[in-house]
Protein chains: 2
Amino acid sequence: MPAEDTLSLTGNRSPQAYERGVTLFRQGEPASAFFVVLSGWVKLYRITPDGHEVVIHVFTKGDTFAEAAMFLGGRYPASAETVSCARLLRIEASVFRMRIRENPELALSMLASASRHLKSLITQIEQIKVRSAPQRIAEFLIEALPQGDGGPTTFELPFEKALLANKLGMKPESFSRALSKLRAHGVTVDKETVRVEDPDKLQNFAVYEADDMVPQ
Amino acid sequence: MPAEDTLSLTGNRSPQAYERGVTLFRQGEPASAFFVVLSGWVKLYRITPDGHEVVIHVFTKGDTFAEAAMFLGGRYPASAETVSCARLLRIEASVFRMRIRENPELALSMLASASRHLKSLITQIEQIKVRSAPQRIAEFLIEALPQGDGGPTTFELPFEKALLANKLGMKPESFSRALSKLRAHGVTVDKETVRVEDPDKLQNFAVYEADDMVPQ
DNA sequence: CGATCGTTTGATTACGTTCAATCGTTGTGG
DNA sequence: CCACAACGATTGAACGTAATCAAACGATCG
């Protein structure tokens, strides 16, 4: 998006810094704005009627979220909260709606963004429906891994394991166990640090192998 | 959407009739069009690398689908197939892209539509993550039930149980068993016909009750 | 009438949850 | 400075739900 457009949207206001644990909006509230993440991490989640927290997604640098919500009866379908300190751009719906009428291209880029989210949700549904817990973790690792030469790669988990577990649709205990099962596939964990011996091999496990791990 | 707009989009072409089992597009194909369902049922699904079919959604009268796909690198992220005979409106991406530049309002209604899909997928993720098989079926029944006075209601399952099972993220066998468990909550099934004694009570089970069914 | 398909039922297995205890780190107050 | 709480993560044991494998049933169709 051209710089001039972004400026007209933010009204020349600078990005705001947030502490960890700040609620940006709650499900059911009128959707008055959407956000662009410049740095840090934000979780999008729902609280179910019986009190469970379900993490839908965790956004980070470069992501936008809640854009689509503005067009759906004006209510957020989920809540959002920073899970680390973060810098966010907040764009008001009223401003955006004005601009979109002057600039149809803006609508197209919004649609592109919404499409990416749709695709990501479709992928997530597929994951939860047919992949085992270890496979879902493997898939996450593959996605999160810094692009390398295919050789052994090391990186840091970006946020709490319990949050990641929830995002992947499992309990923290299951996450812990599933993660240690990945040791058989070249994954070693020390605190926040994860080392993947062979990303291609891990990928293969994530998508194809049901479970043919040989004991010993 | 005003009638004049729809006409300009379809190029005055009339809706096309499809047999059951017709593939409309396959995942990975260039997304050249999106669809409006006038009647019948269409399933949106993915085939995973290891050959499983995962049903993402089943669309019916009044739904549009694949609109967003046109904006995402031009590839469909899933496949679509009619599961009954159906009448569909097919709208070409090229035509649509032209029109959207002349008519920004069109983009807004597209965004609204994409938002509804986003919300529906978010709901689905929540369902699969935290609800049991019987609860997911109950939820589906509540949604599918014709609006009544809250009293006993009867309706017909709109398509195969195996398809519904897949959509709800379970195997046909599990579906069958889960459905019979709902007998304890006032649901009786005879072939395609489902009778719900007390929709409110069933709704309550779908959202709140973990499982406190009393034997006998 | 036999074949096929969708559905149901049965027995068994496997996975993830639940409940519970432990460990390690961090941070706080006496 | 250390004791102790608080929290996140891990581990263990028992349980429960859904998947799997297998068979049987009923309806439909050729």
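Values below: all heavy atoms of this structure, side chains included; hydrogens, waters and symmetry mates excluded. Reminder, nothing fancy here: chain letters follow the sequence lines and each chain counts from 1. Please read all numbers here as calculations on a predicted model, not as lab measurements.
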Which whole-number value in Å describes the distance from [X] [atom1] to [N] [atom2]?
X	N	atom1	atom2	result
B:R183	C:dT8	CZ	C1'	13 Å
A:I137	D:dA9	CD1	C1'	13 Å
A:R177	C:dT18	CZ	P	12 Å
A:L179	D:dA9	CG	P	11 Å
B:L163	C:dT7	CG	C1'	14 Å
A:F175	C:dT17	CZ	C1'	16 Å
B:D190	C:dT8	CG	P	10 Å
B:R20	C:dC5	CZ	P	12 Å

Just by distance, with hydrogens left out, do B:Q124 and A:K129 show a side-chain donor and acceptor under 3.5 Å apart? yes
Nearest 0.5 Å please: distance from the OG atom of A:S132 over to the CD atom of A:Q127. 10.0 Å
Are any side-chain N or O atoms of B:D63 and backbone N or O atoms of B:V37, one a donor and one an acceptor, separated by less than 3.5 Å? no
Any donor and acceptor pair, going by atom type alone, linking the side chain of A:T82 with main-chain N or O of A:E19 inside 3.5 Å? yes
Contacts of A:M170 and B:E160 projected onto DNA chain C by closest heavy atom; the upstream (5') one is B:E160
Ignoring backbone atoms, establish whether B:S176 has a side-chain N or O less than 4.0 Å from OP1 or OP2 of C:dT8. yes
Return no unless some side-chain N or O of A:K191 is found under 4.0 Å from OP1 or OP2 of D:dG8. no
Of the listed nucleotides D:dA18, D:dT10, D:dT20, the one nearest the side chain of A:K161: D:dT10
Which part of the nucleic acid, if any, lies within contact of A:E173, taking any heavy atom under 4.0 Å across all strands shown: a base, the sugar-phosphate backbone alone, or nothing? base
